Every structure is written in C-alpha cells, then in structure tokens.
Amino acid sequence: MKLLDKFQAMAGVRAELDGLGIRPFGAVTEKILSPTEAIVDGRRVILAGTNNYLGLTFDPECIAAAQRALAEQGTGTTGSRMANGTFAEHVALEQELADFYGRRHAIVFSTGFSATMGMGATLAGSGDVVMLDADSHASIYDGVRLGGAEIIRFRHNDAENLERKLARLGERAANTLVIVEGLYSMLGDIAPLAEIAALKKKYDFCLMVDEAHSLGVLGERGRGLAESAGVEDAVDFVVGTFSKSLGSIGGYCVSNRPELEAIRFSIRSYIFTASSSPAVIASTRVALRLLQERPQLRAQLWRNAERLYAGLAGLGFTLGPQPSPVVAVRIGERETALRWWPQLLEQGVYVNLVVPPASPSAFSLLRCSVSAAHSEEQIDRMIRAFATLRAGA
Amino acid sequence: MASYESCLARVLEMLGSLGKAKTTITEGSDLAGELGLSSIEVMEVIEQVEDEFDISFPLNALSDIRTVSDLARQIARLSAP
C-alpha cells in the first residue's frame with residue numbers, strides 16, 4: 001500500500017456526501033447574525049450545535065474589551081509563553097482562573113485541545129499508567145499516546161469497570177492517572193465522579209477531569225461537575241476550554257498541586273506554540289467574570305435544555321441518558337442520519353451530524369447543543385423541525 | 001494462564017458470532033481487511049476479551065495486532081501470571 005492510499009476510504013465518504021448534495025462537515029457560515037442565528041449555505045438558520053452555552057459571543061462587554069486590547073496591544077503576541085508571549089493579561093487570567101476555582105495554580109493554553117493533550121502527554125510517561133474513559137475526547141487519546149504511558153481504557157461512565165481494572169494493577173494503581181470528562185460532548189451524559197472520587201481513596205491514583213463542556217454549565221458557581229458532585233478536593237487537575245461557555249478560544253489547567261508550576265515548563269503544547277492574542281485573552285477575562293456575575297444564564301441554559309430534551313423525547317426519539325445542554329438524537333441507520341441532517345437545515349435548523357467512528361458507538365447522532373441565548377420560540381422551532389422527520393419516517 | 005490455542009479458539013468463536021466474515025475465519029485472517037471490522041467493533045471484541053480472560057488490554061498493544069493470531073497471542077501473553 002502506498003503512503004496516501006489509506007485516505008481512499010475518507011475520499012469515498014466525501015464522494016458519497018457530494019453525491020447526496022450535502023456538506024455536513026464543511027457547511028459554510030456565510031454570515032453570523034447572533035449567538036443563535038446565522039446564514040448557512042444561503043439559508044437563515046437557528047444555530048443548534050455550537051457549544052455557545054452561555055451565549056456570550058456577542059456580549060457587548062466582551063466585544064469592547066477585545067476591541068480595546070486589539071487597539072492597545074496589537075493583533076498577536078508572536079511568541080511562546082516561555083519567550084516573549086507572556087503579557088500581563090495572560091498572567092492576570094491565570095490568577096482569575098485560580099481564584100474562580102479556589103485553587104493555587106493555573107496555566108492558560110492557546111487552545112482547549114492543547115491543554116488536554118498537553119497535560120495528558122506530560123503527566124504520565126513511560127512506566128506510568130493512564131486509565132481513561134472509553135468515550136474520551138480525541139485530545140485526551142492523542143495526548144496520552146504521546147506521553148508513552150501504558151494506556152488502559154474503561155467502559156464509558158462505568159466506575160465498576162474502572163475499579164476492576166485498577167484492582168488488576170495492584171501497586172501500580174498508585175502510579176496511575178485517571179482521566180474523565182465532566183459532561184461528555186456527544187451524548188451529554190455526566191461522569192459518575194462521586195463514585196470515581198471514592199475509588200481514589202482506595203487506590204490513591206491521580207485524577208484529572210476535563211470540564212470543557214461543564215464549565216459554566218454545572219455547579220452552583222459554574223465550576224463544573226467536580227463542584228456539583230461535591231468532590232473538588234479529590235480532583236488533582238482540572239482542564240478545560242474557553243471556546244464553549246466563555247465564547248472565545250483557549251484552554252486551561254488549574255490545580256492545588258505545587259508541581260503544576262514545574263509541569264508548565266515541560267508541556268510541549270504550551271512551550272512550542274504562540275500564546276493567545278491579546279483580544280482573545282481580554283474577552284475571555286470578561287466572560288469569566290460574567291459567568292460568575294450572571295448565574296441566571298446557567299438557569300436559562302438548563303430551562304432551554306430541559307425544554308428541548310422533553311420535546312424530542314416526547315416525539316419518541318432516542319436521546320442521551322439525561323437532559324443536558326447537549327441533546328443528541330441517536331439514529332441506528334447512518335443513511336437515515338445523512339437524509340435527516342439536510343432536511344433539518346432546509347427547515348432552518350443547523351445541528352451537528354456525527355457518524356461512526358466519531359460517534360461513541362455504531363449509531364449516528366444528530367447532536368444539538370443548547371444556549372442560554374436561545375429563545376423558547378427557537379427551541380420550539382427546533383422541536384417542530386424534528387417532528388417533521390418523525391412524520392416522514 | 002490461558003494457552004495460545006485456547007485463546008485462539010475463543011477468539012475465533014467471538015469473531016464468528018459477529019457474522020461479518022464472508023469466508024472462513026482463520027488464524028491468519030486480517031481483522032480490518034478480510035473481516036472488515038471497524039475500529040469500534042475491534043474495541044467491542046477487546047472489551048469482551050477483557051471480561052472473559054480477566055485482563056486489561058493496553059491500547060499501546062493494538063498497533064501490533066493485525067490478524068486473529070496476533071490477537072490470540074496478545075491475550076495469552078496478558079493472561080500470563
């Protein structure tokens with residue numbers, strides 16, 4: 001087989017989609033109108049798959065802060081955090097993140113992917129063990145592979161299966177990094193973190209939680225699943241992203257472990273890349289403040305999530321196991337998912353199409369994500385659009 | 001400890017029950033190529049193997065597994081005390 005032959009299968013998928021006349025993996029947003037509406041492929045649509053949980057992308061305060069930073073500090077830092085790329089604002093955001101989480105140390109990364117990938121790659125190396133949830137994000141899988149540790153996955157959200165595997169490790173369990181996510185991005189389900197924290201007492205492993213989809217979504221103060229499950233003390237490292245609830249781009253890790261400051265200088269995805277631009281840091285700082293000042297956004301997000309989940313469940317669709325801002329419709333036949341996605345777009349509802357192997361199992365997904373900025377009327381329009389699929393099935 | 005032969009017999013049985021193979025499954029059958037297993041299906045087989053043989057299968061070992069025989073050999077190795 002020649003070097004590029006392995007891409008034939010993907011080229012086949014692309015040709016199949018072209019043949020069907022749909023572009024689910026490259027639809028172009030021609031004009032973004034608000035956190036919840038855009039012109040996509042010539043149509044005005046409701047954005048129902050954006051991860052813009054708190055709807056802060058058009059917040060006037062965030063925009064003004066970014067504009068000010070752009071004018072005063074320029075378009076980019078043009079350097080690594082380790083060289084010329086640490087501005088006072090990067091340090092201020094790290095302090096604000098540490099304060100928000102009530103932890104002593106914080107690192108800001110240029111993307112969420114580089115945060116989870118970098119921490120996974122750096123924390124566990126040769127001779128160590130990583131145990132990760134089977135449905136972990138690609139950045140987690142990629143990171144731990146780079147690190148060179150022995151990688152063992154446990155069944156998704158199955159603390160019993162995790163324990164069985166920890167028990168098999170014997171003494172090595174204490175030299176293990178366990179990684180889970182707060183809220184899983186595909187099905188919107190939540191890790192059994194209290195059970196996993198209880199296992200930590202028995203096996204003494206190190207625990208990292210990716211709160212990418214749960215920051216601003218879960219917990220009384222919006223810190224994520226560890227807060228809502230009441231087990232923050234059991235979590236050694238929290239990683240996350242700015243590109244969902246905070247409406248910008250970037251990633252972070254916070255911890256009480258003093259080692260994090262030494263780890264910082266070992267993370268290749270932190271060192272060998274340019275730091276975030278001043279405008280990004282400025283809008284993120286404001287968004288983090290607004291997340292804390294406006295708990296009503298989180299309440300509205302959950303009202304919208306429950307409305308959509310109940311509406312789609314009422315239509316008889318198979319959904320993820322619990323209501324959450326990610327509402328995923330599970331579809332057994334890939335062809336049905338490919339047929340339904342453009343029908344929703346035609347009706348002005350733009351959701352995410354997920355087909356294997358990107359979906360967590362052999363089924364396909366029409367994945368919706370809800371925002372606090374969605375109106376009830378928009379949620380109801382989404383439900384009505386899905387109802388027509390049912391009617392035509 | 002499970003012998004290579006017993007692991008092979010069980011793996012052949014498991015793969016047969018998936019009903020994917022168009023021809024007879026042998027020791028040398030290629031899991032992805034000949035049997036057409038997707039990455040998700042390979043992981044489902046691995047999960048079944050882990051439960052049945054009471055082993056944890058490191059993902060690092062997957063890159064060395066191409067055929068039925070490779071899989072049976074790895075299970076025998078992991079189930080050694």
Side-chain angles (χ1 to χ4, degrees), chain A residues 1 5-6 8-10 13 120 124-136 138 140-156 158 160-170 172-173 176 178-179 186 334 354-365, chain B residues 1-3 6-7 10-11 14-22 25 28-68 70-81:
Chain A
M1 193 167 89
D5 285 353
K6 56 182 168 291
Q8 283 306 315
M10 190 51 76
V13 172
S126 179
D128 302 324
V129 182
V130 172
M131 290 229 179
L132 46 78
D133 185 285
D135 285 6
S136 290
I140 297 172
Y141 273 100
D142 286 359
V144 298
R145 280 195 181 110
L146 284 171
E150 182 176 331
I151 306 159
I152 296 169
R153 56 172 232 168
F154 60 92
R155 286 199 173 105
H156 176 54
D158 188 339
E160 215 173 284
N161 189 243
L162 170 62
E163 174 158 30
R164 226 172 15 251
K165 294 187 169 184
L166 286 165
R168 283 183 196 131
L169 283 177
R172 294 182 74 205
T176 295
V178 173
I179 307 176
M186 289 292 115
R334 180 176 173 275
V354 188
V355 294
S359 56
S361 189
F363 49 78
S364 298
L365 302 174
Chain B
M1 176 190 170
S3 69
S6 65
C7 294
R10 189 63 193 111
V11 168
M14 280 178 189
L15 295 172
S17 68
L18 289 176
K20 298 261 308 185
K22 293 189 179 77
I25 307 171
S29 296
D30 186 295
L31 295 171
E34 282 173 74
L35 303 185
L37 295 190
S38 66
S39 53
I40 290 168
E41 287 165 329
V42 169
M43 290 319 299
E44 282 169 359
V45 170
I46 297 287
E47 283 181 356
Q48 217 181 322
V49 160
E50 288 184 319
D51 286 347
E52 197 162 319
F53 291 89
D54 194 27
I55 56 173
S56 298
F57 205 104
L59 293 189
N60 321 55
L62 274 182
S63 55
D64 296 330
I65 292 168
R66 197 175 53 81
T67 65
V68 172
D70 295 335
L71 179 56
R73 215 175 298 284
Q74 189 63 245
I75 297 167
R77 195 183 66 74
L78 290 168
S79 62

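In the text below, chain A, chain B and the rest are named by the order of the sequence lines, each starting its count at 1. What you see is a predicted model, and the numbers here were worked out from it, not measured in a lab.
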Check: Using non-hydrogen atoms only, which part of B/Ile55 is less than 4.5 Å away from chain A: side chain, backbone, both, or neither?
Finding: backbone

Notebook entry, point to check: Is there a donor-acceptor contact under 3.5 Å from the side chain of A/Arg153 to the main chain of B/Leu59?
Noted result: no

Notebook entry, point to check: With only heavy atoms counted, which part of A/Tyr141 is less than 4.5 Å from chain B, the side chain, the backbone, both or neither?
Noted result: side chain

Note to self: How long is the straight-line distance from OG of B/Ser56 back to CE of A/Met131, given to the nearest 0.5 Å?
What the structure shows: 5.5 Å

Next item on the list: Please indicate whether B/Glu52 has more than 12 foreign heavy atoms, meaning atoms of other residues, nucleotides or ligands, lying under 6.0 Å from its CD.
Entry: yes

Next item on the list: Check whether any side-chain heavy atom of B/Asn60 lies under 4.5 Å from a side-chain heavy atom of A/Arg145, and answer yes or no.
Entry: no

Note to self: Strictly below 4.0 Å, N to O, side chains only: are B/Asp54 and A/Lys165 in salt-bridge contact?
What the structure shows: no

Note to self: If I compare all heavy atoms of B/Pro58 with all of A/Ile152, which pair ends up nearest, and what's the gap?
What the structure shows: CA-CG1, 4.3 Å

Check: If contact means a heavy atom pair closer than 4.5 Å, which residues of residues 33-41 of chain B contact chain A?
Finding: B/Ser39, B/Ile40

Checklist line | Contact check, side chains of B/Asp51 and A/Arg155, non-hydrogen atoms, under 4.5 Å | finding: yes

